Amino acid sequence: MRTVFLGTPEFAVAPLARLCSLSLTEVVAVVTNLDKPAGRKMILTPPPVKIFAQSKGIPVYQYKSIRKEGVEDMRKLRPDLMITCAFGQILSEEILDIPPLGVYNIHGSLLPKYRGASPVQHAVLCGDKVTGITIMKTDVGVDTGDILFSESIGIGDDETSGDVFAKLSALGADCIEKAVRLIAAGNVSLTPQDDSAATHTGMISKADAFIDFTDGAELIVNKVRAFNPSPVAFTLLSGQPFKIYRALKAEGKGACGEIISVDGGITVACKDGAVRLLSVQKAGGKVMDGAEFLRGNKIPAGTVLGK
RNA sequence: CGCGGGGUAGAGCAGUUUGGUAGCUCGUCGGGCUCAUAACCCGGAGGUCAGGAGGUUCAAAUCCCCUCCCCGCAA
């Protein structure tokens, strides 16, 4: 099957790699977002999917808007099948109609839960114990298409979004292989989503990652997990950004945001107890564990975070 | 040239303003105490202070110049 893959970030690389390794699918082109300026020097950086595709010698197409600029290119490719995975753009009817076998999407949640841009982060943020991959037919809505199947996976108590992303990316590869075999065999049975059970997730912003110590310990720990590796939960220490990479619930009482213990680690009081900061970073500094940080930064107990 | 912090012992930092014997916490090694210990006490090792046979000076971690690297913000 002539297959066109549309995806952008690291998450999409494993599924793409799987499709490339199958004899069933011939990946004739990869579509991805434009290279973006990144980092302090604003160096133009190609998306991970592009880097992978080029290493395999697969033609890469990049559009600001595939709907406006890419329709003719897609038609010329004469794909039998198109696969989307964290592509970052919404396809038009015009494009969806091109491949005779249809367009399928790899989504990082158990739909209809967590439609949208940040399903993985929200699953972690909400403290879910289970999430998964859904393979669904792509339609003009945002993750609203009919479901081919889904597979679930557990979320460990101490796992971050980064950890879950890695697991789901691998699962996504397995799922898309399975899906492609079903499609090739003509064995496709779709189930519409229950829209009444749907939840939607938007883009994660830096402001979402600000820790409010008047929240409960569990929510704070979940925020820390959900926003690692990006954008990373943070608070303020003496008015400067103070990032928190890892934290655990702990025993203790005190005013919200107050550091109540600096004995071998940093323990901060919150609404219903305390959290222990296991991995932190101050502005301009490196990431280090709590005890290490305290060795060189004399933080008196009683210091209040968040201002 | 987007803004800013930083590079000093294995780790994290102070010392730089006001040049003048290289310091702190931890780790490490040795010894002691203890039923015992990640606890406590005593002692030791470990640093060409990012680099430049640079500049100034009697004297530079510190002041001036150049280069490299790390990080926060912004995007």
Side-chain angles (χ1 to χ4, degrees), chain A residues 7-12 32-51 60 62-66 69 86-90 116-118 120-121 158 160-163 165 201-213 220-221 223-252 257-268 274-307:
Chain A
T8 301
E10 187 62 38
F11 182 73
T32 191
N33 273 335
L34 300 177
D35 294 6
K36 279 187 189 166
R40 251 179 299 273
K41 302 289 183 191
M42 297 298 270
I43 295 166
L44 214 53
T45 307
V49 161
K50 177 181 178 180
I51 295 170
V60 174
Q62 292 177 283
Y63 310 103
K64 185 161 190 287
S65 168
I66 188 173
E69 311 159 33
F87 177 48
Q89 293 185 32
I90 296 173
S118 54
V120 177
Q121 291 92 326
D158 61 345
T160 64
S161 287
D163 297 328
F165 261 117
T201 64
M203 299 261 248
I204 301 284
S205 77
K206 184 82 185 172
D208 297 326
F210 183 77
I211 295 295
D212 181 352
F213 285 103
I220 291 171
V221 170
K223 271 189 165 185
V224 169
R225 295 196 296 136
F227 299 132
N228 179 341
S230 174
V232 184
F234 72 103
T235 180
L236 298 174
L237 174 63
S238 306
Q240 291 291 111
F242 189 64
K243 291 187 173 185
I244 304 167
Y245 287 78
R246 284 187 179 275
L248 283 179
K249 277 173 85 166
E251 298 297 318
E258 181 187 357
I259 295 176
I260 53 178
S261 167
V262 289
D263 184 21
I266 308 166
T267 305
V268 187
V275 293
R276 194 164 180 82
L277 311 184
L278 302 180
S279 178
V280 300
Q281 178 185 35
K282 73 167 179 176
K286 292 177 181 171
V287 181
M288 59 189 85
D289 67 49
E292 207 172 19
F293 178 81
L294 288 170
R295 239 173 261 140
N297 298 273
K298 310 300 184 196
I299 309 293
T303 301
V304 176
L305 295 176
K307 62 183 185 183

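Fair warning: this is a prediction, and the values are worked out from it, not measured in the lab. To find a chain, count down the sequence lines: A is the first, B the second, and so on, and within it residues start at 1.
With a 3.5 Å ceiling on both atom-pair distances, the Watson-Crick or G-U wobble partner of B:rG72 is B:rC3. Searching all strands for a Watson-Crick or G-U wobble partner of B:rA14 with both distances below 3.5 Å returns nothing. The partner of B:rG46 is absent, by the rule that a Watson-Crick or G-U pair needs both atom distances under 3.5 Å.
Taking atom CG of residue A:L236 and atom P of nucleotide B:rG72, one finds them 16 Å apart after rounding to whole Å. Between A:F293 atom CZ and B:rC13 atom P the separation is 8 Å, expressed in whole Å. Atom CD in A:E292 sits about 6 Å away from atom P in B:rG12, given to the nearest Å. The nearest whole Å value for the distance from the CD1 atom in A:I299 to the C1' atom in B:rG12 is 12 Å. Across the protein-nucleic acid pair, A:F234 atom CZ and B:rG72 atom C1' stand 12 Å apart, rounded to whole Å. Regarding A:L294, its CG atom lies at a distance of 10 Å from the C1' atom of B:rG12, rounded to whole Å. When the C1' atom of B:rG7 is taken as reference, atom CE of A:M288 falls 13 Å away, rounded to whole Å. Put simply, OH on A:Y245 is 9 Å from C1' on B:rG72, counting in whole angstrom units.
Under 4.0 angstrom from either OP1 or OP2 of B:rC73 there lies at least one side-chain N or O belonging to A:K206. Contact annotation: A:K286 side-chain N/O to B:rC13 OP1/OP2 distance is not under 4.0 Å.
Separation of the P atoms belonging to B:rA59 and B:rG19 is 15 Å when rounded to the nearest angstrom. Nucleotides B:rU34 and B:rA50 have their P atoms positioned 46 Å apart, rounded to a whole Å. Between B:rC69 and B:rA45, the distance separating the two C1' atoms is 29 Å to the nearest Å. Comparing the same atom, P, in B:rC63 and in B:rU21 gives a spacing of 16 Å after rounding to whole Å. The separation of B:rG52 from B:rC68, taken at their P atoms, amounts to 15 Å, rounded to a whole angstrom. Comparing B:rG31 with B:rA38, their P atoms are spaced 14 Å from each other, to the whole Å. Atom C1' of B:rC58 sits at a distance of 26 Å from the matching atom of B:rG51, rounded to the whole Å. Going from the P atom of B:rC49 to that of B:rC1 covers 35 Å, rounded to whole Å.
Taking all atoms of both residues into account, the shortest heavy-atom contact from A:F210 to A:T235 is CE1-CA, 4.0 Å. The two residues A:I43 and A:T45 make their nearest non-hydrogen contact at O-OG1, 2.9 Å. When every heavy atom of A:G7 is checked against every heavy atom of A:T32, the shortest pair comes out as O-OG1, 2.9 Å.
Without hydrogens or angle criteria, A:E258 side chain to A:V304 main chain gives no donor-acceptor distance under 3.5 Å. A donor-acceptor contact shorter than 3.5 Å is absent between the side chain of A:N297 and the backbone of A:I299.
A search for ring-ring contact (aromatic ring centres under 6.0 Å, His included) contacts involving A:F213 returns nothing, not counting sequence neighbours.
In the set B:rC73, B:rG72, B:rC70, B:rG72 carries the atom at the smallest distance from any side-chain atom of A:A283. Side-chain atoms of A:K298 lie closest to B:rU25 of the nucleotides B:rG72, B:rC70, B:rU25.
The side chain to side chain contact (heavy atoms under 4.5 Å, CB included) test with A:P47 is passed by exactly one of A:L34, A:V60, A:D35: A:D35.
Within residues 39-47 of chain A, the residues that place at least one heavy atom under 4.0 Å from RNA chain B are, in residue-number order, A:G39, A:R40, A:M42.
Once rounded to the nearest 0.5 Å, the distance linking CG of A:N33 with CZ of A:F87 reads 5.5 Å.
Within 4.0 Å of A:Q281, counting heavy atoms only, lie sugar-phosphate atoms of the nucleic acid but no base atom. Here A:K36 lies out of heavy-atom contact (under 4.0 Å) with every strand.
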Sequence neighbours left out, cut at 3.5 Å: what donor-acceptor pairs do the side chains of residues 238-250 of chain A make with other protein atoms?
from: A:Y245; atom 1: OH; to: A:Q281; atom 2: OE1; distance (Å): 2.7
from: A:R246; atom 1: NH1; to: A:D158; atom 2: O; distance (Å): 3.3

